[in-house]
Novice: 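Have a look at the structure that comes next, please.
FYI, the numbering just counts along the sequence from 1. Keep in mind that the numbers below use all heavy atoms, side chains included, and drop hydrogens, waters and symmetry copies.
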Amino acid sequence: MKTRAAVLRAVGEPFEIVELELDEPKAGEVLIRYVAAGLCHSDEHLRHGDIVPRFPIVGGHEGAGIIERVGPGVTRLQPGDHVICSFLPVCGHCRWCSTGKSNLCDMGATILDGMLADGTYRFHDDKGADYGGMCMLGTFSERAVISENSAVKVDPDLPLDKVVLIGCGVPTGWGSAVHAAATEPGDTIVIYGIGGIGINSVQGAALAGARNVVAVDPLPNKREAAEQLGATHSCETAEEAHELVQQLTRGVGADKAIITVGVVDAKVVGDAVNTIRKGGVAVITGLADPTKTNIELNSAMLTLFEKTVKGSLFGSGDPFHDIPKMVELYQSGDLKLDELITQTYTLDQVNQGYEDLVNGKNIRGVVRYDTAPLEGAPA
């Protein structure tokens with residue numbers, strides 16, 4: 001079948017809307033009709049070259065939709081199921097899955113190549129060239145063939161254009177505060193960068209009972225959004241945040257710091273480590289070029305004050321456990337999703353969506369599809 005998709009062909013180029021051939025699902029795979037896709041900063045990293053994938057690649061790794069067909073051996077899903085996609089697949093039996101670290105599942109090794117588990121591709125152009133799907137998903141396409149291990153079934157009455165955010169930004173940010181930082185009641189938490197992930201770190205820290213949640217961002221609209229969703233304080237700069245934390249804690253320092261800026265650099269890491277107390281934890285969730293060394297710290301400060309610096313992927317959680325949990329928190333009104341979506345776009349407007357993201361206009365942008373079901377497929 002054919003599908004319209006937004007494709008990246010090289011670093012520095014905009015997304016190109018093209019029509020691709022899409023294979024039928026093979027063993028363990030499903031055909032999904034996407035209803036919505038989130039505009040996450042990670043795809044902008046590909047365009048800017050902060051992270052370089054295999055080109056050409058269908059963008060998008062935050063998606064929600066409806067299963068239309070299933071391949072041989074599929075047991076988790078059936079046609080008509082509504083699903084939220086996890087940008088990290090979960091096989092359930094590798095070393096990492098079997099030891100409670102399914103966010104590190106070995107199936108995730110090829111997410112920047114975009115191939116599926118058998119090492120082949122499902123997107124092709126009319127000349128037969130293979131196109132990968134970002135994070136094995138390619139949510140900037142009307143349809144895709146994905147692994148059943150990348151889709152979590154949810155209730156059919158959920159608004160997929162809202163819960164789509166639970167595929168990446170929400171659990172990554174929420175889990176960075178709840179799992180990776182292990183926020184406890186009474187903690188003072190500082191969050192650097194209030195974008196699609198940082199805003200959910202704010203929500204996670206607040207829900208976990210933090211006494212002080214300090215949001216740091218240069219943009220007034222981001223600071224305002226943070227205060228509406230759980231931040232007790234907001235600051236324009238890291239220096240202001242450091243001074244505020246000293247006042248709030250009587251000179252002790254923050255218990256935890258979470259780094260969710262668009263591109264991580266040495267300064268923001270240094271600022272975070274200097275702001276946390278003795279025995280405090282700094283969590284790095286934001287991304288940067290994986291081929292470059294970009295952090296330099298005084299090791300004596302880590303030793304003498306027993307500070308910890310750690311990374312966090314998917315909020316250090318379990319996609320197949322945390323995604324349903326996020327859904328329940330949304331249904332109960334404890335987790336805000338509708339309020340995160342600043343603007344919606346069509347697939348043809350994906351470049352405008354990323355321009356708005358880069359210019360700081362959006363907390364989150366969402367692409368909404370209006371694609372008819374295949375003949376014979378559940379509506």
Side-chain angles (χ1 to χ4, degrees), residues 1-24 29 31-34 36-63 65 85 87-89 108-147 150 164 167-169 195-196 262-263 287-292 343 345-359 362 365-369 371:
M1 73 196 71
K2 295 184 182 296
T3 182
R4 294 179 71 247
V7 170
L8 283 176
R9 298 190 182 278
V11 170
E13 294 187 4
F15 282 98
E16 179 185 347
I17 307 300
V18 301
E19 187 173 72
L20 297 176
E21 295 286 342
L22 180 62
D23 294 341
E24 292 287 336
E29 299 170 1
L31 170 67
I32 182 172
R33 172 170 59 90
Y34 288 121
L39 298 177
C40 186
H41 202 140
S42 295
D43 291 282
E44 184 65 13
H45 284 304
L46 307 189
R47 191 171 72 88
H48 276 171
D50 301 315
I51 299 172
V52 180
R54 171 196 176 276
F55 292 112
I57 191 166
V58 176
H61 64 281
E62 198 173 64
C85 295
F87 81 90
L88 292 170
T110 61
I111 59 176
L112 291 178
D113 292 319
M115 66 179 67
L116 291 184
D118 67 354
T120 63
Y121 300 86
R122 301 296 172 266
F123 291 112
H124 317 279
D125 64 18
D126 56 7
K127 297 178 182 178
D130 294 329
Y131 285 60
M134 175 62 168
C135 291
M136 303 166 66
L137 295 173
T139 64
F140 295 165
S141 175
E142 294 169 334
R143 287 180 169 86
V145 169
I146 65 175
S147 170
S150 296
V164 62
C168 173
V263 179
L287 293 170
D289 188 340
T291 66
K292 297 178 181 178
Q343 182 68 40
Y345 304 87
T346 65
L347 180 63
D348 295 292
Q349 295 173 317
V350 66
N351 287 305
Q352 180 62 52
Y354 275 108
E355 183 178 337
D356 291 344
L357 182 152
V358 171
N359 290 333
N362 290 347
V366 170
V367 170
R368 292 198 301 204
Y369 296 98
T371 306

Novice: So, does H61 use its side chain to make a donor-acceptor pair with the main chain of G38 at under 3.5 Å?
Specialist: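 Not a single qualifying donor-acceptor pair exists.
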Novice: Taking E62's backbone N and O only, do any of them form a donor-acceptor pair with T139's side chain (distance below 3.5 Å, no angle check)?
Specialist: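 Such a contact is found between T139 side chain and E62 backbone.
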Novice: Where do N362 and Q343 come nearest, in terms of heavy atoms and distance?
Specialist: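 Where N362 meets Q343 most closely, the heavy atoms are OD1-CB, 3.9 Å.
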Novice: Excluding sequence neighbours, so at least two apart, what forms salt bridge (charged side-chain N to carboxylate O under 4.0 Å, His left out) with R54?
Specialist: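 Applying salt bridge (charged side-chain N to carboxylate O under 4.0 Å, His left out) to R54 gives none.
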Novice: Rounded to the nearest 0.5 Å, how far does NZ of K292 lie from CG of D50?
Specialist: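 Rounded to the nearest 0.5 Å, the CG-NZ separation comes to 8.5 Å.
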Novice: Please table the atom pairs, donor to acceptor, closer than 3.5 Å between any side-chain atom in residues 5-19 and protein atoms at least two apart or in another chain.
Specialist:
{"residue": "R9", "atom": "NE", "partner": "E16", "partner atom": "OE1", "Å": "2.7"}
{"residue": "R9", "atom": "NH1", "partner": "Y131", "partner atom": "OH", "Å": "2.8"}
{"residue": "R9", "atom": "NH2", "partner": "Y131", "partner atom": "OH", "Å": "3.2"}

Novice: How about Y369 and L347: do any of their side-chain heavy atoms sit closer than 4.5 Å?
Specialist: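 A side-chain contact exists here, since the closest heavy-atom pair is under 4.5 Å.
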Novice: Any side-chain heavy-atom pair from H48 and V263 closer than 4.5 angstrom?
Specialist: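 No. Closest side-chain heavy atoms not under 4.5 Å.
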Novice: Compare all side-chain heavy atoms of L137 with those of I32 and state whether any distance is below 4.5 angstrom.
Specialist: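 They are not in contact (no side-chain heavy atoms under 4.5 Å apart), so the answer is no.
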Novice: If you measure from NE2 on H41 to SG on C168, what distance do you get to the nearest 0.5 Å?
Specialist: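 Here the interatomic distance stands at 12.0 Å.
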Novice: Using atom types as modelled and distance alone, determine if a side-chain donor or acceptor of E142 lies under 3.5 Å from a backbone N or O of T3.
Specialist: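 No: the side chain of E142 does not pair with the backbone of T3.
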Novice: Starting at CE of M115, measure out to CZ of R122 and round the result to the nearest 0.5 Å.
Specialist: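 These two atoms lie 10.5 Å from each other.
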Novice: If only side-chain N and O atoms count, and only distance matters, is there a donor-acceptor pair under 3.5 Å linking Q352 with D356?
Specialist: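 Yes.
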Novice: Are any of the side-chain heavy atoms of I51 and L112 separated by less than 4.5 Å?
Specialist: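 Yes, side chains in contact.
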Novice: Would you call L20 and S141 a side-chain contact if the rule is heavy atoms closer than 4.5 Å?
Specialist: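 Sidechains of S141 and L20: no contact.
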Novice: Y121 pairs by side-chain contact (heavy atoms from CB on, under 4.5 Å) with which of D113, L116, I57, V58?
Specialist: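 Answer after filtering D113, L116, I57, V58: D113.
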Novice: Please report the interatomic distance CD(E355) to CD(E44), rounded to the nearest 0.5 Å.
Specialist: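 Rounded to the nearest 0.5 Å, the CD-CD separation comes to 10.0 Å.
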Novice: Would you name the heavy atoms of G60 and F140 that are closest together and state the gap between them?
Specialist: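 For G60 and F140, the tightest heavy-atom pair comes out as N-CD1, 3.4 Å.
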Novice: Ignoring hydrogens, what is the shortest heavy-atom contact between L22 and V145? Give both atom names and the distance.
Specialist: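 Result for this residue pair: CD1-N, 3.8 Å.
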Novice: Mind listing the closest non-hydrogen atom pair of L287 and S42 along with its distance?
Specialist: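 Distance-wise, the nearest heavy atoms are CD1-OG, 3.7 Å.
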Novice: Is any side-chain heavy atom of D130 closer than 4.5 Å to one of F123?
Specialist: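 F123 does not reach D130 side chain to side chain.
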Novice: Check Y354 against C40 and note the closest heavy-atom contact, atom names and distance.
Specialist: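 Here Y354 and C40 meet closest at OH-O, 2.8 Å.
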Novice: Do M136 and I146 touch side chain to side chain, with heavy atoms closer than 4.5 Å?
Specialist: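 When only atoms from C-beta onward are counted, I146 and M136 do not touch, as no gap falls below 4.5 Å.
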Novice: Do D348 and T346 have side-chain N/O donor and acceptor atoms under 3.5 Å apart?
Specialist: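 Looking only at side-chain atoms, T346 and D348 do not form any donor-acceptor pair under 3.5 Å.
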